[in-house]
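Keep in mind it's a predicted model, so treat the numbers as computed, not measured. Letters A, B, ... are given to chains in the order of the sequence lines, protein chains preceding strands, and every chain is numbered from 1. Note: hydrogens, waters and symmetry copies are ignored here, and every other heavy atom, side chains too, is used.
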There are 4 protein chains.
Amino acid sequence: MTTSHPDRAAARTKTIMQATLALAQEVGYAKLSIEAVAARAGVGKHTIYRRWPSKGLLFLDSLLSLNEPVFDYPDTGDIVADLRRQICTVVDLLANPPWGPLYQALVGEAQHDPAVAAGLNERFIRPQTDKTIVRLRAAQEQGQVSSDMDLDLVMATLSGPLYFRLLITQEPLTHNYVDRVLEALFAGMSPRL
Amino acid sequence: MTTSHPDRAAARTKTIMQATLALAQEVGYAKLSIEAVAARAGVGKHTIYRRWPSKGLLFLDSLLSLNEPVFDYPDTGDIVADLRRQICTVVDLLANPPWGPLYQALVGEAQHDPAVAAGLNERFIRPQTDKTIVRLRAAQEQGQVSSDMDLDLVMATLSGPLYFRLLITQEPLTHNYVDRVLEALFAGMSPRL
Amino acid sequence: MTTSHPDRAAARTKTIMQATLALAQEVGYAKLSIEAVAARAGVGKHTIYRRWPSKGLLFLDSLLSLNEPVFDYPDTGDIVADLRRQICTVVDLLANPPWGPLYQALVGEAQHDPAVAAGLNERFIRPQTDKTIVRLRAAQEQGQVSSDMDLDLVMATLSGPLYFRLLITQEPLTHNYVDRVLEALFAGMSPRL
Amino acid sequence: MTTSHPDRAAARTKTIMQATLALAQEVGYAKLSIEAVAARAGVGKHTIYRRWPSKGLLFLDSLLSLNEPVFDYPDTGDIVADLRRQICTVVDLLANPPWGPLYQALVGEAQHDPAVAAGLNERFIRPQTDKTIVRLRAAQEQGQVSSDMDLDLVMATLSGPLYFRLLITQEPLTHNYVDRVLEALFAGMSPRL
DNA sequence: GGGTAAGCGAGACGGTACGTCCTGTCTTTGC
DNA sequence: GCAAAGACAGGACGTACCGTCTCGCTTACCC
């Protein structure tokens, strides 16, 4: 066991993560310092280092601790509508203020720190992918999605254009954009017969 | 005129960018410091600050200075083959050692520094997109690509899945993956009629 | 009663003091930490703080616990010989390895911590002085020492040059040096008549 | 050359030493921290570490920088009177507030740090000793001091009792005490003939 | 062809944060 | 029922870079 009094320890952990998010909102991830988090949380630096080995992982944990139960898929029988609804929900949360910039920073940090990349994948991307695949498989069985599609690849083609916009061109992610991506992906690029 | 002796200045600029790349290869972008670059290049820190306002932009310039003339599109008349060839070339360069990790770091930095994001877009992404669009427009006119497709969106659906793999799941980008993406995008997700 | 099981407590106290001395020998007093003593002694820090209020006093206790019964004065009837023998014994113990450096450190600590200074005086210097004075008084009565001498002052003039060497010039304290000091003090600085 | 602008650098050095002394007066040497000195002096910590390798040597330099030209010997022809005058001057300065406690702390630190001990000897004790010996040699030639006395030893017997009082018994050092020491040393401990 | 200005290396500087160590207090758990 | 184990807030350590700032040297340009 790590801690003598789990409740106390858990409370402190939460305090630190809240301070982290608050400060990140105020100054941005780049200027976030463990020193400042400790001060804000009223905590010794060691208490942070005891829990997290790096600023990146602290930040990852803090963001994931929000953990709004957003991510359960609807199943109305219409795969395009369900995908649209799900994607819009996630996009609203992760690609717009207040969390958008922080999620962006998190992905940025994952490019510098393999541990953050691994955590991000295991704890956010992979579960999200799994749920999407479950829904897509049902759609395949219902004949709404081409049966020879690798569903991991489908996840990538769905998510990719959104991340491209979020991370590369950094234009705003609108519901309209989601619609157009879905439409294009279902239609395919080949000319209509 | 910027410099009393343009040749000297240009040479120094190049030296600095080479030192930047060399050091970045050795220690990674995250641990790169302007102090170390200056020392490695045998140059005063001021000489760097006079040329670049931040580590990120120095790094952007350094990477782009490689500027291998890779990016001109072939036009064999077969859009899928041409896209494949082009994308594979870029992927081989930017998503594999030795430059892959550094390009990844550059995109990561763009998430923290708007100036880097802007530079990356204007100087690398946008030109690349423009060339792609030219080639796609030709394909549209030849009836190889659906005529009602927004070509900017096509660029995003082509690039997105690759960036998703590079930045998010961080799995290796293979030619096979490029093939599968192209195939899926041209076929579309809807079931075969 | 202080402790439920006095023997146990006394044993623990001894263990701690031994660990203190062992560590002090290894790393020196300056780098000694209560944390390390606790770890070495296999004891909680609290157990140390319960017994000693400061590192200095712990160290003082530890050193005095050696308490070799060195310090009883001989009385052969020859005051100079007796002083010489006594001083040499003390010097051999306190001004040479292994205890010399630690005694030096203890006196050093007394300069920073009044409690250590007080303890050192009461528990080591004063008793030593008292015994010396007893012997000197006998010598005075026998006519071997000038009768109008303040014996506390004599103690200071005997000890002072030795401490000066130990603490200030930090040269080695030899029996020969002891001889010369005694000779000089008994002869006085005035020229021979 | 160490510094581009010697005057600036010297001024900063002085500022730091003054801040050191001021803080040492306020909180004592034991609680003095380089961090606090830097803050008080309005200086980066590095600027201190660039000049001094340890708190002890900074403190040594700071104290010696007072360097009041106190220490030149009078020569009235009467060695006892001259010694008395000289010793009283030094005692007034070094064994009483405001510098007494700090000089005491310096000697204390010398017990923990050999570099401080060496510096103290070379830069303060040795010069002082040399001047004393010059005066004593003159006295020897005039027949006021026994001619077979080792003058280094005389210095130790003069200084020792004073340091014993300052460092060990930590009683106040008065002019009267100086008188009694001088008298005892010149008279010798042997009984009057 | 000599004076002046600019670029430059070198590195000092005030700061900020790092990650570590230790202090002295407090809490829990296990023997 | 005490003590080991160690969490904790706090403070200082010594280091690394940041971005700014002189310094003196070396060109090269213009008169």
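Phosphate proximity of E:dC26 to C:R50: absent, as no side-chain N or O sits under 4.0 Å from OP1 or OP2.
Shortest non-hydrogen contact noted between B:L58 and B:I48 is CD2-CG2, 4.1 Å. Nearest heavy atom pair, residue D:K55 against residue D:L32, reads NZ-O, 3.0 Å. Looking at every heavy atom in both residues, B:W52 comes nearest to B:I16 through CZ3-CG2, 3.6 Å. Scanning both residues, C:L120 and C:A110, for their nearest heavy atoms gives CD2-CB, 4.3 Å. Nearest approach of A:S54 to A:D113, heavy atoms of both residues: OG-OD2, 3.6 Å. When all heavy atoms are compared, the tightest approach of C:A38 to C:G44 is CB-C, 4.2 Å.
Comparing A:Y49 and B:R12 by the nucleotide of DNA chain E whose heavy atom lies nearest to each, the residue mapping closer to the 5' end is B:R12.
Atom CG in D:L58 sits roughly 11 Å away from atom P in F:dG14 (whole-Å rounding). We find that CD1 of C:I34 is positioned 9 Å from C1' of E:dG24, with the value rounded to whole Å. Taking atom NZ on B:K31 and atom P on E:dC18, their separation rounds to 15 Å, with Å as the unit. Atom pair A:R51:CZ and F:dG6:C1' shows a separation of 13 Å (rounding to whole Å applied). As a whole-Å value, the separation of B:I48 CD1 from E:dG9 C1' is 12 Å.
In the model, A:R51 has a side-chain atom that pairs as donor or acceptor with a side-chain atom of A:T13 under 3.5 Å.
The aromatic rings of A:Y103 and A:F124 sit perpendicular to each other, their planes meeting at more than 60°, with 30° as the lower class boundary.
Within a heavy-atom distance below 4.0 Å of DNA chain F, no residue of residues 104-113 of chain B is found. Contacts between residues 35-47 of chain A and DNA chain E, defined by a heavy-atom separation under 4.0 Å, are made by A:E35, A:K45. For the segment residues 16-30 of chain B, the set of residues with a heavy atom within less than 4.0 Å of an atom of DNA chain E is empty.
Of the charged side-chain nitrogens involved, at least one lies within less than 4.0 Å of a carboxylate oxygen, so that B:E26 and B:R40 count as a salt-bridged pair. Between A:D61 and A:R123, at least one side-chain N (NZ, or NE/NH1/NH2) sits under 4.0 Å from a carboxylate O, which counts as a salt bridge.
Distance check, rounded to the nearest 0.5 Å: CG of C:L167 to CD of D:Q111 gives 4.5 Å.
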